[in-house]
Amino acid sequence: QVQLVESGGRLVQAGGSLRLSCTPSGRTFSTLAMGWFRQAPGKEREFVAAISRRGAITYYADSVKGRCTISRDNAKNTVYLEMNTLKPEDTAVYYCAAAEGPIVTRKQYEYNYWGQGTQVTVSS
């Protein structure tokens, strides 16, 4: 099993920014495609961003494109999600996920491992 630990979630005012971090353990980080998903209360979990094994390819949900940047540092064994110009609708629990098979994917069913989540709350 791969263990994922997210950090960085906090309360932030609308228009603000923050950076989430995720560190996997249990296997070689560079072999994993990584992604971020989020789930707001009463809503289904949705895709936010993904990055390929080497970081060459990135995907973003339309709702966050232009406001978010996903990156990874394989030497530090960490993936990041930088979020800017935050909106109240960004409020959710954000989950880090890892996929063993694909180079990169937007599909949550292709992810094998999930973190416990970190709460991001954007106040209006």
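As the structure is a computational prediction, the values presented were derived from the model and not from experiment.
- For R53, the side-chain contact (heavy atoms from CB on, under 4.5 Å) criterion is met by I103, not counting sequence neighbours.
- Hydrophobic cluster membership for L20: V2, L4, V12, L18, F29, L32, M34, W36, V48, I51, Y60, V64, I70, V79, L81, M83, L86, Y94, Y113, V120, V122 (Ile, Leu, Val, Met, Phe, Trp, Tyr linked by side-chain heavy atoms under 4.5 Å, directly or transitively).
- Every residue meeting the side-chain contact (heavy atoms from CB on, under 4.5 Å) condition with E46, not counting sequence neighbours, appears here in chain and number order: R38.
- Judged purely by atom type and a 3.5 angstrom limit, T91 has no side-chain atom pairing as donor or acceptor with the backbone of T121.
- Smallest separation of non-hydrogen atoms from S30 and R72: CA-NH2, 4.2 Å.
- Q3 places no side-chain N or O within 3.5 Å of a backbone atom of P24 that could act as its donor or acceptor partner.
- In terms of heavy-atom proximity, A14 sits nearest to P88 at CB-CD, 4.2 Å.
- Applying the salt bridge (charged side-chain N to carboxylate O under 4.0 Å, His left out) test to pairs two or more places apart or on separate chains, those with a residue in residues 55-69 are R67-D90.
- Residues satisfying the ring pair (Phe, Tyr, Trp, His ring centres under 6.0 Å) test with F37, not counting sequence neighbours, are F47, Y111, W114.
- Among residues two or more places apart in sequence or in another chain, the side-chain contact (heavy atoms from CB on, under 4.5 Å) test is passed with S7 by S21.
- Within the structure, disulfide bond (SG atoms under 2.5 Å apart) contacts touching residues 65-103 (residues at least two apart or in different chains) are C22-C96.
- For T23, the side-chain contact (heavy atoms from CB on, under 4.5 Å) partners at least two apart in sequence or on another chain are N77, T78.
- A distance-only check finds no donor-acceptor pair linking the side chain of S17 to the backbone of N84 [under 3.5 Å].
- For N112 against G101, the heavy-atom pair with the smallest separation is OD1-N, 4.3 Å.
- Residues that satisfy the side chain to side chain donor-acceptor pair (under 3.5 Å) test with T69, not counting sequence neighbours, are absent from this structure.
- Remark: R54 pairs with no residue by the side chain to side chain donor-acceptor pair (under 3.5 Å) rule, at least two apart or across chains.
- Legend: salt bridge (charged side-chain N to carboxylate O under 4.0 Å, His left out) pairs involving residues 92-108, not counting sequence neighbours, sorted by first then second residue: R27-E100.
- With sequence neighbours excluded, no residue forms a side chain to side chain donor-acceptor pair (under 3.5 Å) with Q13.
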Walk me through it: do T105 and E110 pass the test side chain to side chain donor-acceptor pair (under 3.5 Å)? CA-CA 7 Å; T105 180; E110 292 189 328; 2.4 Å; yes
